[in-house]
Amino acid sequence: DDWILCQITSNPYGDRKAIALVSENFLTGSLVRDSFVRPGKLFTANSTLINSQVGTIKEDKFTSIRAAIVSLINGAEDKGHE
């Protein structure tokens, strides 16, 4: 029942890999303000800690976010094997 989650914040904090997330990226719902997904900031949480869902991200944006996360993981994995 654990989920892998990615930080979303209104400030990119100089993160070159941050991905903009704006209202047009949502199929349903939205965030209060334009925000940034930070693929390098992953964490896990049990599903019991998730209180609500504010929206659904469109498939193309979700795919690009997932690809950025996988790319970072693959890059970190490659460095560990050099």
Side-chain angles (χ1 to χ4, degrees):
D1 292 330
D2 286 345
W3 286 74
I4 298 173
L5 306 170
C6 184
Q7 182 185 61
I8 300 174
T9 178
S10 61
N11 187 333
Y13 296 102
D15 184 347
R16 292 180 292 124
K17 298 190 185 299
I19 300 169
L21 187 62
V22 298
S23 60
E24 292 82 24
N25 299 136
F26 284 83
L27 188 59
T28 63
S30 68
L31 296 173
V32 175
R33 61 180 55 107
D34 290 350
S35 298
F36 298 88
V37 176
R38 298 185 67 204
K41 297 291 184 180
L42 301 177
F43 58 99
T44 60
N46 189 274
S47 61
T48 60
L49 298 174
I50 300 171
N51 294 326
S52 63
Q53 178 177 327
V54 299
T56 303
I57 298 172
K58 290 180 180 176
E59 187 65 31
D60 62 330
K61 182 55 98 170
F62 183 76
T63 298
S64 68
I65 293 167
R66 182 175 48 214
I69 292 168
V70 169
S71 176
L72 280 171
I73 291 170
N74 285 337
E77 185 178 279
D78 291 344
K79 289 178 185 168
H81 293 296
E82 290 180 353

_Can a side-chain donor-acceptor contact be found between T48 and N46 if the only test is distance below 3.5 angstrom?_
yes
Out of curiosity, does [Y] fall in the hydrophobic cluster containing [X] (side-chain heavy atoms, cut-off under 4.5 Å, transitive links)?
X	Y	answer
I50	F43	yes
F36	F62	no
I73	I65	yes
V37	W3	no
I19	V54	yes

*Are there more than 12 heavy atoms of other residues, nucleotides or ligands under 6.0 Å from atom CG of D1?*
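Check fails, neighbour count at 12 or below.
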*Around atom NZ of K17, are there more than 12 heavy atoms of other residues, nucleotides or ligands at under 6.0 Å?*
no
*S35 (side chain) donor-acceptor with L21 (main chain) under 3.5 angstrom*: no
*Between the side chain of S71 and the main-chain N/O of A67, is any donor-acceptor distance below 3.5 Å?*
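Judged by distance alone, no pair lies under 3.5 Å.
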*So, do K58 and N25 sit near enough that their side-chain heavy atoms are less than 4.5 Å apart?*
no
Where [X] and [Y] come nearest, the two heavy atoms and their spacing:
X	Y	result
L72	G40	CD1-N, 3.5 Å
S23	D34	N-OD1, 4.2 Å
R38	P12	NE-O, 3.8 Å

*So how far is it from R66 CZ to I57 CD1, rounded to the nearest 0.5 Å?*
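Reported to 0.5 Å precision, the distance equals 11.0 Å.
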_Spatial distance of atom OG1 (T9) from atom NZ (K41) [nearest 0.5 Å]_ =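 NZ of K41 is found 10.5 Å from OG1 of T9.
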